[in-house]
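Letters A, B, ... mirror the listed sequences (proteins, then strands); counts begin at 1. All values below come from the heavy atoms of this structure, side chains included, with hydrogens, waters and symmetry mates left out.
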Amino acid sequence: MAPNTHTTLVTSLIIMILFVLARPYLLSLLPKEKILATLRSLTVKGVLTAFILSLPVAISVLCVEDNAFAFSIPWFSTPSFDIFFSVKYDLYAAIFVPVALYVTWSILVFATSYMKGNPKIDHFFLFLLIFLISMILLVSSNNMFQLFIGWEGVGIMSFLLISWWYGRADANTSALQAVLYNRVGDVGMLFTMAWMATNLNSLELDVLFNNAGNYNLTAPLCGLMLAAAGKSAQFGLHPWLPAAMEGPTPVSALLHSSTMVVAGIFLLIRFSPLMDGNQFALTTCLWMGALTTFFTAVCALAQNDIKKIIAFSTSSQLGLMMVAIGLNQPQLAFFHICTHAFFKAMLFMCAGSFIHALNDEQDIRKMGGLFNLLPTTSTCFTIGSLALIGTPFLAGFYSKDAIIEALAVTHLNSCALLFVLVATSFTAVYSLRLIYYVTMGQPRFSPLLAISENDPAILKPLARLAWGSIVAGLLITCIFTPFKTPVMTLPPLAKTIAIVVTVMGLLFALELAKQTSKQLKHSPNPFTHHFSNMLGYFPLVFHRMAPKMSLYFGQHLANQMMDQTWMEKSGPKKASNTNESASAALTAAQRGMIKTFLTLFLLTSVLGVLIVLF
Amino acid sequence: MRASQSVREQQPVNMAGVGFRRWAQLLSERKGSGIPALFPGARAAAGLAKDGLPGSFPKTPEEKAAAAKKYNMRVEDYEPYPDNGEGFGDYPKLPDKSQQERDPWYQWDHPDLRRNWGEPMHWDFDMYIRNRVDTTPSPVQWSSACKQLFGFIGGALFLLYLGELFPSYHPVGPKQYPYNNLYLEKGGDPEKQPEEEVKNYEI
C-alpha cells in the first residue's frame with residue numbers, strides 16, 4: 001500500500017476512534033430523555049468499537065518503517081507563537097490505546113452490574129467516557145499544550161469520580177486530596193511549558209527534541225519529574241492514591257491502577273530522549289522510584305482494607321516503573337505499564353466482586369473462605385496476584401523481571417537495587433496475605449449473606465482480563481522490538497534474583513500465616529506494625545501540620561496581625577499613643593517649676609558651648 | 001358559589017397589584033419615621049438580633065454570665081479569649097478539636113457537620129470541619145511519629161547516597177581492551193612495538 005494511502009487510512013481510523021468514543025457524550029447533550037437511558041449500552045459499544053478499530057492502527061504502526069504516524073492542524077496563532085492540534089501515533093500510543101480500551105471495555109461491562117442500583121449510573125458512564133477521551137488525547141498528543149489539556153482532563157475526572165458519593169465527607173476529603181496533590185505536580189508541568197515556550201518558542205515535542213541539545217535541560221526536566229511524581233503518586237506526593245479508594249471500585253480499577261496514574265510515567269517516557277543525556281534527572285528518577293516502591297510496599301504489609309492493599313501495590317509498581325525510567329529504559333517502563341494494566345484492573349474488579357458479595361465489607365479480617373463461594377472470582381484474583389508477583393510466564397514476569405535484571409546488571413546505585421528487591425519480596429508477602437485472608441480458611445462473615453457469582457456482567461470481564469494477564473506479556477514481547485539491546489550475559493544470581501526474592505517472600509509469608517493459628521502473643525504490637533499500618537505516619541504528620549499552619553496563620557495574619565499592625569501599631573492608635581506620651585512629657589515640662597527651667601538652661605548652655613567649640 | 005367569585009376565578013389576578021396595595025396600606029398605618037418606616041414589619045427568620053452579636057471583653061462576673069447565656073453555654077464552660085488587643089471580644093474560647101473527633105453514630109442535627117443547632121461555633125470552625133484539619137488522637141505520640149517518619153526518610157536518603165558511592169557491578173569477566181590493551185592510548189611509544197602482544201581472542 002502506498003505510504004500516503006496508508007497514512008490516510010490510519011489517520012481516518014484514529015479520527016473514527018475519537019468520534020466513536022465522543023458519540024455517546026455528544027448524544028447526551030441532546031434534549032432527549034431516551035438517550036440518557038441508553039447511554040450505558042452506547043458507551044460500552046462505543047468503547048468496544050474503538051478497541052476493534054485501534055487494532056489495525058496498532059498493526060499499521062508496527063509495520064511502518066519509522067513506527068509512527070503524525071498529523072498536525074493549525075489551531076490558533078499569535079504574532080509570535082503558534083499552537084497546533086497535533087497527533088503523533090507512535091509505538092507507545094499505538095500499543096497503549098488498545099490496552100486501555102480493552103481494559104476500559106471490561107471495566108464498563110463490570111460497572112453495569114456493580115453500579116446497578118445507582119440512580120445516576122448513566123452520568124457515571126459519561127464521566128468514565130470523558131476520562132477515556134482525555135487519556136487518549138494525552139497519550140497521542142505531539143505538543144505540550146494538547147498534552148496538558150488531557151493531563152488536566154484526567155485530573156478533573158478523577159476528582160469527580162472519587163467524590164461520586166459526594167454525601168460522604170470522607171469521599172470529599174479524598175477528592176480534595178487528589179486534586180491538591182495533583183495540582184502540586186501541575187506546577188511542574190506548567191513550569192516546563194513556560195520554559196519551552198520561552199527558550200524554544202514552541203510547544204511541539206518534535207521541535208523540542210531537535211533543538212534542545214544546546215540547552216541545560218535540568219530545570220524543565222525537574223518540572224516534568226515533579227509533574228510525574230504528582231500524577232503517579234511517587235513518594236512525597238503519594239497519599240492521594242490510597243485515599244482515592246473512597247471512589248467506586250470501577251473508578252479505582254480504571255483510573256487509579258491502569259490509566260490515570262501511569263500518565264506521569266508516560267510523560268517521562270515521552271520525554272525520554274531529553275532525559276537520555278541528563279544524569280541528574282536519571283539519578284533523581286532512580287532514587288524517587290526506589291524509595292516509592294520500598295515505602296509503599298512496607299505500607300501495604302499491614303493494611304486491612306482490601307482496596308488499600310491493592311492501591312499501595314499500585315503505588316509500588318509505579319515506583320518500579322520510575323526505577324525503569326531512572327535506568328534509562330523507558331521501553332521497559334512502558335512494557336510494565338501495559339502488563340500492569342491487565343492484572344491490576346482485574347485485582348480491583350475481583351476486590352469489588354468480593355465487597356459486593358459481602359454486603360460492602362472491605363476488611364479482609366472479615367472475609368475468608370471465599371474460594372468455595374466465589375470460585376471464579378477467587379481464581380482470577382489468584383491469577384492476578386501471581387502475575388503481580390512475577391510468576392514465570394505470566395504477564396508481570398516479562399516486564400517486572402526485565403526491569404529487575406536491568407537494575408541488577410547496571411553499574412548504578414546498589415541501594416536502589418536493595419530497595420527494589422526488598423519491595424519485590426514484600427509484594428509476594430502482601431499478595432499471599434491477601435489471598436490467605438480473603439479466599440482461604442474459614443469464613444469470618446455472617447452466614448446469612450446470599451453469595452453467588454452468576455452474573456455474566458461480572459464474570460466475563462474478569463475472564464477477559466485473566467486471559468490478558470496470562471498472554472499479554474508474551475504478546476507484547478513478541479511484537480515490540482526493544483530499542484536498546486538487553487544485557488545477554490549475566491551471572492546466574494543476577495538472572496534469578498527476582499524469582500529468588502519472590503520465593504523467599506512467599507515462604508516468609510507462609511510461615512507468618514502458619515503462626516496466626518498458634519496465637520503466640522495476645523496482640524502483636526511492634527512499632528513496625530504501627531509504622532506500616534499508619535502509612536509511615538506521613539498523612540498523620542503532613543496532613544495535620546501543613547493545613548493547620550497555613551489556615552491558622554492565614555486567618556490570624558489577615559484578621560489579627562493586619563488589624564493590629566494597621567490600627568494599633570502604625571495607624572490611629574499609634575498616633576494617639578504617641579501624641580498622648582508627647583503631650584504628657586510636654587505637660588510635665590511646663591508646670592512652672594524652677595528646677596525644670598534651671599535644668600533646661602544648663603542643658604542648653606552645655607549644648608551651645610559644645611557647638612561653639614566643635 | 002357566588003357569581004362574583006366565579007368571575008374572579010376566571011380573570012387572572014395581578015399579584016403585583018395586590019402586593020403594592022398591601023404595602024401602601026402598611027405604610028399609611030406605620031408608626032415611626034425615616035427610611036425604616038418604609039419597610040413592612042415582617043422580620044427575617046434568619047440573622048442575629050442586636051443583643052446576639054459579639055460584644056466587648058467581659059470584665060465582671062455578671063458580664064461573663066450574660067455572655068455565656070448569649071452563646072448558649074454554661075457559665076462554668078464559658079471562657080473568653082485573653083484581652084490582648086487581638087479583637088476577640090467576648091467570643092468563647094472553645095477547645096481546639098475538629099469535627100472528626102465527634103461521635104459518628106450520634107444523631108446530630110447536621111450529620112455531615114457533626115453539629116447541633118444552636119451550638120457555639122469555634123472561632124476557627126472552617127479549619128476544623130471534616131474536610132480540613134483532623135485533631136483525632138493517634139495511637140502514637142506526635143513526637144514519636146515525627147521521629148520515625150523523618151528518621152526513615154533521612155535513613156533512606158543516606159542509604160541511597162551510600163549506594164551512589166558504592167554502585168553495584170557484576171562483571172562477567174575482566175575488562176578486555178583492543179589494540180594491545182590500548183597501548184598507544186595509554187602513552188606507548190608509536191615507534192616501538194609493545195613488549196608483550198595482547199590478544200583477547202582465539203581463532
Side-chain angles (χ1 to χ4, degrees), chain A residues 167-170 172-173 175-177 235-236 283 286-287 290-291 294-295 298 407-419 487 489-491 493-494 525 527 530-531 533-534 536-548 551-552 554-556 559-561 563-564 567-568 573, chain B residues 81 84-88 91 96 98-100 102 104 110-114 122-173:
Chain A
R168 284 171 53 81
D170 290 334
N172 291 336
T173 313
L176 275 172
Q177 242 187 68
F235 183 77
T283 307
L286 184 65
W287 283 35
L291 192 53
F294 176 65
F295 178 77
V298 165
L407 182 57
V409 299
T410 311
H411 188 57
L412 282 177
N413 200 314
S414 53
C415 186
L417 174 64
L418 180 67
F419 277 176
V487 174
T489 53
L490 37 155
L493 182 62
N525 252 343
F527 77 93
H530 281 317
F531 183 85
N533 186 260
M534 295 185 69
Y537 307 117
F538 193 99
L540 177 69
V541 171
F542 287 100
H543 292 181
R544 295 190 180 196
M545 193 165 66
K548 188 167 185 182
L551 290 167
Y552 183 79
Q555 219 220 36
H556 281 257
N559 283 347
Q560 271 86 45
M561 203 189 95
D563 287 345
Q564 271 191 299
M567 295 201 48
E568 295 189 13
K573 257 195 169 171
Chain B
Y81 282 92
N84 55 5
E86 285 184 343
F88 288 104
Y91 202 84
D96 290 339
S98 76
Q99 302 303 93
Q100 199 76 9
R102 295 189 173 195
H110 304 287
D112 51 335
L113 297 173
R114 291 184 187 169
H122 195 286
W123 184 269
D124 295 315
F125 81 96
D126 56 336
M127 189 165 79
Y128 289 125
I129 58 172
R130 290 174 62 197
N131 289 337
R132 301 274 187 271
V133 177
D134 184 2
T135 58
T136 313
S138 68
V140 175
Q141 292 282 332
W142 176 263
S143 57
S144 173
C146 286
K147 275 182 216 163
Q148 287 183 55
L149 173 63
F150 294 119
F152 172 83
I153 294 172
L157 290 173
F158 176 68
L159 283 174
L160 284 166
Y161 169 70
L162 278 182
E164 283 294 316
L165 296 179
F166 303 105
S168 66
Y169 183 65
H170 295 280
V172 177

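- In this structure, chain B has no heavy atom under 4.5 Å from any part of A/Leu418.
- Heavy-atom pairs under 4.5 Å with chain A peak, among B/Asp126, B/Asp134, B/Asp112, B/Leu113, at B/Asp134.
- Panel note: side chain B/Asp124, backbone A/Tyr552; no donor-acceptor pair is recorded below 3.5 Å.
- Between the A/Arg544 side chain and the B/Thr136 main chain, a donor and an acceptor come within less than 3.5 Å of each other.
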Please tabulate, one pair per line, all N/O donor-acceptor pairs under 3.5 Å involving side-chain atoms of residues 140-159 of chain B, not counting sequence neighbours.
from	atom 1	to	atom 2	distance (Å)
B/Ser144	OG	B/Gln148	NE2	3.1

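- Of the two parts of B/Phe88, only the side chain, counted from C-beta on, holds a non-hydrogen atom closer than 4.5 Å to a non-hydrogen atom of chain A.
- In this structure, chain A has no heavy atom under 4.5 Å from any part of B/Ser98.
- One N or O on the side chain of B/Arg114 and one on the backbone of B/Gln100 form a donor-acceptor pair closer than 3.5 Å.
- With sequence neighbours excluded, no residue forms a side chain to side chain donor-acceptor pair (under 3.5 Å) with A/Asn172.
- Heavy-atom distances place both the backbone and the side chain of A/Leu551 under 4.5 Å from chain B.
- Heavy atoms of A/Thr410 lying under 4.5 Å from chain B belong exclusively to its backbone.
- With hydrogens and angles disregarded, no donor-acceptor distance shorter than 3.5 Å links the side chain of A/Ser414 to the backbone of B/Pro167.
- Only the side chain of B/Arg132 comes within contact range of chain A, with at least one heavy atom under 4.5 Å from a heavy atom of that chain.
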